[in-house]
Amino acid sequence: MKSKRDFYAYGFTLVMALFMYQSAANFVYSSSRLMPELLAIGIVILSLAGLIKATIKYRSKAVVEEKKEKKRHGDRQVKPYLLHSLWFFGLFVGIWLIGFLPSSVIFILAYLRVNKVSWLKSAVTAGATAVVVYGLFVFLLEVELFSGILFGARI
Amino acid sequence: MEAISAFIQGFAYFGDPMVWVFVLLGMVLGIVFGILPGVSGLTAMALLLPFVFHMKAEYALAAFAVITATSATGGSITAILLNVPGDTANAATLLDGYPMTKKGEGGRALGAALMSHAVGGFSSMLICILLIPLVLPLMYAMKTGDLVFIILFAFSCVGVLSSEAPLKGMIACLVGVMLAFVGTQVQTGEPRYTFDSIYLLSGIPVASFAMGLFALTEMLDLSVEGGSIAPIGKIKIPMRMVVQGCVDVFKHWSLWIRGTIIGLVIGIMPGVGTSASPWMAYGQAKATSKHPELYGTGYVGGVIAPELCVGAVVPGDLLTTLALGIPGSVQMVMVLSALITLGITPGPSMLQSQLPLTFSVMQVFIIGKLIAVFFCLLLAVQLAKVATIPGHYLVPLATLIIFVGSYATEGRFYDLIILLLFMVVGMFMREFGFAIPPLVIGFVLGDLFEKYLSIAINNAGPFFWVRPISLTLICLNLLIIFWPQISSLWSKDKKGASAA
C-alpha cells in the first residue's frame, strides 16, 4: 500500500535526519557543523511534511480504493529480489574468503547452472570470463587483485 | 577569437590514435548496451567508470561522450525490427517503426530513424558549439558566490522536476549532499560522519557509490526479470529502402527543424529527462501534420519526428553538464562523476580552463555519432541479434566487472562493502519511490557547494549574493521550486477565462 510505504519512508528519513543533526552537534568547529545541521533541519522539515501528507492520504477514501486494488493485483514481488541478491552477497563473501579469481569461477558457474545452462557451456563461460577479467585487470591495468583472507590477504 | 582557437585546438586531440581507440570502444559499448533490453548506455558508463582512474582525461571523455551519443542509436534498431525499444528514449519510435516493418518497409524505417539520429545530433551539437562563445563572457563574469546558486539551481531542478514525487526527490538530493560530507572537512581538517573509521576519512568513493546505485541495481533487476527476447527470424533489408529512408529525412525538413529545437531546448533544461522529449516531438508532429490519421499506421514521419528529437536532446544535456555542472539526465550524472574522478571541476571553471577539451568532447560526440550511424546502417540486422543474448550470460559477467572495477579503482577491499551497501540503498529507494539521480547529484555536487559557499562568505561576507547574476539565479531557483503551484494557478486562470 503506497501511503503506508510512504509513511515508513518518511519516518525513516526523519529518524536518519535527527541522527545526522545529533552527530553534527558534536563537531568541534562551527564551520564543520553549519552545513550538516542546516541540511538535517531541511530533511526533518521535508520528512515531517511527507509524514503529514501520507497520514492525510492514509485516512482518505483513496486508501480504500488502494486496498481494493491491492487485493486485485497484489504487491510487487520482493522475494525474488531478496533471493537473487543472495548471489551478489555470496560473491562478495567468496571474494573476501578466497579472492577474486576462484570465487568468480565458482559463482559464475553456480549462477549459470541455476539458470539451467548446460555444464559444458557454464564451465566454458565461467573459465573464459575469469580469464578475460584477469587479463584485463591484472595484465593490462596491472591491478593486484585481492587474494582472500584464507590465502593470507589483508584488508 | 579565444573560442575559435580553442575549437581548432580541440581537433588536435584527434591526432592521438588512442583517442580513436576509445571512440570505437565507446561506440561498441554504446550500441551494444543500447540494443540489449534491460540495460542501457548508463550501465556501459558505470562499467567504464573504474577504468577512468587509469586513463587520460581526453580518452575517458571521448569514450563517455560517444556512449551518450550512441546508446539510443542501437535502441532504434530493435524498436523498428523487433518491437522492443532498446532504450526508453526509443519507445515513441515503436508506434510507426514496427508497423512499417510489418508492411515490409523496415529498411526505410531504419534508414529514416538512423539518419534522423545523425541529423538531429549533428545540428543540435552545432548549435551548442555556436552557443559557447556567447556564454563564455557570462562564465568569466561569474564569481564564486554565483556558483553557489548554480549548484543550488541544479539541486532544485533535479529534486523537483526529475522525480514523480518532488518531496522525495528533494529529500534524496539533501541526503546526497549529506553523504558528500562524509570524510575530512577540507577547511578545518575535522572528520565528519566517519564513525572513527580510517577508511571513511577520504570520503565515500564516487565510483563504488555510482556503480552500486546504478549498475548493480540494474544487474539485480535484469537477474530477476531476465532480459532476452525470442530469437528473430530472417529479416531482409534492401539497401535501396534504407537510402529511401535517409532521403525521407531531408524531404521532411520542417520536422527536422522542429525536432531539433524541441530536443535541444529539453536537453538544455536540467531534470526534464530525455525520455519525455520524443513523445513531445511525436505529438507535435502529429498535431501539425496535414495527415494526422497516418500516424500510428506505419508512417515515416512518425519515425523521423521522435528519432530527430532523441538525437538532438543529448547535446543540450551535455552543454549544461559541461558549462554549468548541472546534469540533465542520469547519463550526464555519470559523465559528471567521470569528470570529478578525473579531477576536472565541471561548470564555468571547466569552460575557462579546459575550453579545448570541452570543444573536443563536443567534436568527438559528432564524429562518434556519425560513425555509429554508418555502422548501424550497414549492420542493422546483425546488431538486432544482439538483443537475443540471454540475460543470464550478461549478469554474471557484468557483475564481476563491476566488483573487480570497484576494487581496482583504489585497491581497497572496503570499496566492495560500499558497492553492496549502495546496491541495497538503491533497491530500497526504488521500493519506496525515491528517485536515485537526485541522490547522486547531491552527492557529486555537495562538496563543491560547501566549498564555494564558504569561499563566498569569506571573500564577500554574508551578503555575497547581492549581485545581478546571483539575484537572477535566486529568482530562477524560486521559479523552479514553486513551479508546480505557479503552473496550477496558471491552468486555473485559463480554465476560468475559458468558462467565462
Side-chain angles (χ1 to χ4, degrees), chain A residues 2 5-6 8-10 12-13 16-17 20 23-24 27-29 31-32 34-36 39-40 42-43 46-47 49-50 53 76-78 80-81 83-85 87-89 91-92 95-96 100 104 107-108 111-112 114-117 125-126 129-130 132-133 136-137 141 143-146 153 155, chain B residues 50-51 53-54 165 167-168 170-172 174-175 177-178 181 185 187-193 195 216 219-221 223-226 390-393 395-397 399-401 403-405 407-409 411-414 416-417 419-420 423-424 427-429 431-434 446 449-450 453-454:
Chain A
K2 201 169 172 282
R5 275 218 304 256
D6 282 355
Y8 291 138
Y10 290 122
F12 176 76
T13 53
M16 190 182 65
M20 282 170 163
S23 304
F27 297 154
V28 179
Y29 299 99
S31 52
S32 304
L34 180 70
M35 284 299 294
L39 285 176
I43 299 171
L46 292 173
S47 303
K53 206 174 143 189
R76 198 167 83 103
Q77 291 291 308
V78 179
Y81 278 86
L83 276 174
H84 282 257
S85 61
W87 182 80
F88 291 82
F89 285 100
L91 179 63
F92 167 76
I95 293 166
W96 178 58
F100 274 102
S104 61
F107 278 88
I108 292 175
Y111 187 90
L112 293 172
V114 168
N115 280 287
K116 297 186 176 74
V117 178
T125 310
T129 306
V132 167
V133 170
L136 186 66
F137 283 92
L141 297 174
V143 174
E144 198 182 318
L145 292 179
F146 189 74
I155 293 173
Chain B
F51 298 99
F53 265 101
H54 307 271
L167 207 59
K168 287 182 181 170
M170 282 192 272
I171 291 176
L174 292 183
V175 172
V177 180
M178 275 288 203
F181 294 157
Q185 216 253 7
Q187 277 93 9
T188 60
E190 186 177 3
R192 292 187 296 185
Y193 301 115
F195 308 104
L216 221 49
M219 284 304 121
L220 184 61
D221 264 346
S223 177
V224 173
E225 290 159 11
H392 55 250
Y393 281 109
V395 171
L397 175 66
T399 307
L400 189 65
I401 293 177
F403 268 77
V404 181
Y407 175 80
T409 312
R412 298 182 302 183
F413 186 81
Y414 286 107
L416 295 182
I417 300 175
L419 182 79
L420 275 179
M423 180 190 86
V424 176
M427 274 167 59
F428 275 97
M429 284 181 76
E431 186 60 32
F432 287 97
F434 285 91
F449 179 67
E450 190 184 29
L453 185 65
S454 82

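Lettering of chains follows the sequences in order, A, B, ..., and the numbering in each one begins at 1.
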Portion of [X] that has a non-hydrogen atom of chain B nearer than 4.5 angstrom:
X: A/A17; result: neither
X: A/L112; result: side chain
X: A/S32; result: both
X: A/L136; result: side chain
X: A/Y111; result: side chain
X: A/F137; result: side chain

Parallel, tilted or perpendicular, judged at 30° and 60°: which one describes the rings of B/F195 and B/Y193?
tilted
Classify the ring geometry between A/F107 and A/W87 as parallel (under 30°), tilted (30 to 60°) or perpendicular (over 60°).
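A/F107 vs A/W87 ring planes: perpendicular.
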Under 4.5 Å from any heavy atom of chain A - which part of B/V424:
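Just its side chain gets close to chain A.
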Under a 4.0 Å N-O cut-off, is there an ion pair linking A/D6 with A/K53?
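Between A/K53 and A/D6 there is no salt bridge, as every charged N stays at least 4.0 Å from the carboxylate O atoms.
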Select, from A/L34, A/V28, A/T125, the one with the greatest count of heavy-atom pairs under 4.5 Å involving chain B.
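Between A/L34, A/V28, A/T125, the count favours A/V28.
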Using a 3.5 Å distance criterion without hydrogens, assess whether the side chain of A/R5 forms a donor-acceptor pair with backbone atoms of B/E431.
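It does hold such a pair.
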Using only atom types and a distance under 3.5 Å, with no angle test, would you say the side chain of B/S223 pairs donor to acceptor with the backbone of B/M219?
no
In this structure, CD1 of B/I401 is separated from OG1 of A/T129 (nearest 0.5 Å) by 8.5 Å
